[in-house]
Amino acid sequence: MTDPTRLLPRIVVAAPSSGAGKTTVAVGLMAALRRAGHTVAGFKVGPDYIDPGFHAVATGRPGRNLDPMLSGEERVAPLFAHGSAGADLAVVEGVMGLYDGALGTEGYASTAHVSKLLEAPVVLVVDASAAGRSVGAVVQGFVAFDTGVRIVGVILNKVGSDRHEAEVRAGVAPTGVPVLGVLRRDTRLTVPSRHLGLIPADEQREQAEAAVGAAAELVRQGVDLEAFVAAARAAAPIEVTAWDPSAEVTMAQEGRRPVIAVAGGQVFSFRYTETAELLVAAGAEVVTFDPLHESLPEATSALYLGGGFPEMHAEALSDNAVLRERVASEVAAGLPVVAECAGLLYLCRELDGHQMTGVLPATAQMTSSLTLGYRTAVAANTTAFFDEGRRVRGHEFHRTSVQVDDDHDWSSAWYLPGGKQEGLSRERIHASYLHLHWTATPDVPARFVAAARVHAGLDK
């Protein structure tokens, strides 16, 4: 058992609603603090994959998620302790409005919920572009709404002028909450976006680095960093046993490690940092490759295809015929494969008319409809990774649809509420739209590695 560790100074950056600029402010704070000499750990509340990519650019460390819905609330603080190892300060970016959680709950998995689990103070980012003294009423309302959430400061964003700033400050002053910073409007902070939000940092590295640099400079000029750090250091000195991937899985027998190929690059950038950590802990050698330009790594014994934007690169994916054909032949020969969302599309026969691998009896295409939300799912059959009836929680986030051939002999991957069936599966293939946070199902990576060992002939 790992000894408990004291949680380091930490602070949550939240907002009254989406669109207030908390991502810009959080990323700017991470980068500015790093430039000031701090080793910063960055976290994102919820299942978001894109913001942690910008956190990684800002901090120089992996971006990580804290999601009570997917990992379980009992793992939030341990995962935080694990992810902040070696840092001296942690910044947690919230999701949506401070008190917005899963629908139909009293704020479960909200930013406020996570702040309580971490006993972390909160700084509220308020968009002041269309208000003056009324900002004070907003701040006062958020302070009073839940006294278990400790709001220790306000950062005023999108302020237009000195006169505007003075008016907003006058409105906030009676609340007693200190203004830690004032940020003016800045067009340099614009980051290209598309149908699911910001374009991932992995797809536009130069633009991402420029935007992070601009945010850092804006924060340096407009935020009292010393006061911000002091607020983080005032967090309760609680002790937590850090999450340890090696304690979560059963290590496969010693000897040569099977190679699990993990799709990466511009297309497959949606995956949790802990996924690879669990696979390594279970005895795999994890090798990341870029499906746009490369083939499967040498001695690949299993394949993990995570999420991303294959619909934006369908032609380029199709052009890599060597990889497409090799994936099809290897899977036909028994290569274990887990595919989530983008991976599901890549395994289809076609995506928007462009040829994919053809592993699955299905075609896929972009639509105008957004599918978004947490899902409770039940495994439809027994595979190398899940037993029939296994219940999990996942997250779905896409604008594509998959049309499965009428005549096929595959099983669905999941049963969803209402009798809906989703995804496709066979003994060593599991492909669906659902993203899982494998920290809540550590037997899955262990079984994945076991299947890889069998395929590699390491377990006779």
Side-chain angles (χ1 to χ4, degrees), residues 1-14 22-23 26-27 29-30 33-34 38-49 51-56 58-95 98 101 107-123 148-152 228-229 231-248 271-278 281 393 395 436-442:
M1 178 68 71
T2 304
D3 292 333
T5 181
R6 178 170 292 190
L7 295 190
L8 78 171
R10 58 204 179 276
I11 200 159
V12 174
V13 177
K22 64 178 174 290
T23 296
V27 169
L29 283 164
M30 292 175 195
L33 290 165
R34 182 186 180 192
H38 291 279
T39 301
V40 184
F43 296 87
K44 173 68 179 183
V45 176
D48 187 296
Y49 291 100
D51 290 349
F54 286 90
H55 296 176
T59 65
R61 294 165 57 98
R64 296 177 185 267
N65 298 72
L66 300 172
D67 191 334
M69 186 64 74
L70 294 184
S71 68
E73 64 179 358
E74 73 279 3
R75 294 184 184 88
V76 168
L79 284 168
F80 175 88
H82 168 74
S84 58
D88 60 73
L89 182 72
V91 177
V92 180
E93 180 192 343
V95 62
L98 174 58
Y108 192 91
S110 67
T111 304
H113 183 193
V114 171
S115 75
K116 291 179 180 179
L117 293 173
L118 298 178
E119 297 188 34
V122 174
V123 167
V149 175
R150 190 161 62 95
I151 298 176
V152 297
F228 184 85
V229 171
R233 287 175 174 163
I238 61 174
E239 291 190 344
V240 172
T241 299
W243 180 82
D244 179 0
S246 63
E248 295 291 323
R271 59 189 184 278
Y272 295 114
T273 299
E274 293 82 4
T275 297
E277 293 174 341
L278 283 164
R393 272 183 175 164
H395 188 262
L436 305 184
H437 202 291
W438 287 4
T439 57
T441 56

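Quick note: residue numbers are just sequence positions, from 1.
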Go through the steps to decide whether Y108 and M69 satisfy the test side chain to side chain contact (heavy atoms under 4.5 Å, CB included), and finish with yes or no. CA-CA 8 Å; Y108 192 91; M69 186 64 74; 3.7 Å; yes

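- Taking OG1 from T275 and CG from L436, the interatomic distance works out to 9.0 Å, rounded to the nearest 0.5 Å.
- Minimum interatomic distance between S246 and D244 (heavy atoms only, all atoms of both residues): OG-OD1, 2.7 Å.
- Residues V40 and V91 meet the side-chain proximity criterion, which asks for heavy atoms closer than 4.5 Å.
- Across all non-hydrogen atoms, the minimal contact from R10 to A236 is NH2-O, 2.5 Å.
- In summary, of the residues considered (T111, L118, I11), a side-chain contact (heavy atoms from CB on, under 4.5 Å) with V92 occurs for L118 alone.
- Looking at heavy atoms from C-beta onward, F80 lies out of side-chain contact with W243 at the 4.5 angstrom threshold.
- In terms of heavy-atom proximity, V76 sits nearest to P68 at CG2-CG, 3.8 Å.
- Looking only at distances, a side-chain donor or acceptor of R61 sits under 3.5 Å from a matching main-chain atom of G83.
- Of all the heavy atoms in L278 and E248, the pair that sits closest is CD2-CB, 4.1 Å.
- Here the shortest heavy-atom pairing between L8 and D88 reads CD1-C, 3.4 Å.
- For the pair V229/L89, a side-chain contact is recorded, criterion being any heavy-atom separation below 4.5 Å from C-beta on.
- Judged as a side-chain hydrogen bond (donor to acceptor under 3.5 Å, both in side chains), and not counting sequence neighbours, N65 has no contacts.
- In this structure, Y272 and P52 have side chains that are not in contact, with every pair of non-hydrogen atoms separated by 4.5 Å or more.
- Partner of T23 under the side chain to side chain donor-acceptor pair (under 3.5 Å) criterion, chosen from E93, K44, H55: E93.
- Of all heavy-atom pairs between A77 and L7, the closest is O-CD2, 4.4 Å.
- With values rounded to the nearest 0.5 angstrom, L66 atom CG is found 13.0 Å from E73 atom CD.
- Put simply, the side chain of R34 does not reach to within 4.5 Å of the side chain of T39, judged on heavy atoms.
- Residue pairs satisfying the side chain to side chain donor-acceptor pair (under 3.5 Å) criterion with at least one member in residues 75-87, sequence neighbours excluded, are listed as follows: H82-E277.
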For S71 and L79, run side chain to side chain contact (heavy atoms under 4.5 Å, CB included): C-alpha distance rounded to whole Å, both residues' side-chain angles, the deciding distance at 0.1 Å, then the answer. CA-CA 9 Å; S71 68; L79 284 168; 3.9 Å; yes

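- For S115 (side chain) and R150 (main-chain N/O), no donor-acceptor pair under 3.5 Å exists by modelled atom type.
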Begin with the C-alpha distance, continue with both residues' side-chain angles, and end with the deciding distance and a verdict on side chain to side chain contact (heavy atoms under 4.5 Å, CB included) for V12 and F43. CA-CA 9 Å; V12 174; F43 296 87; over 6 Å; no

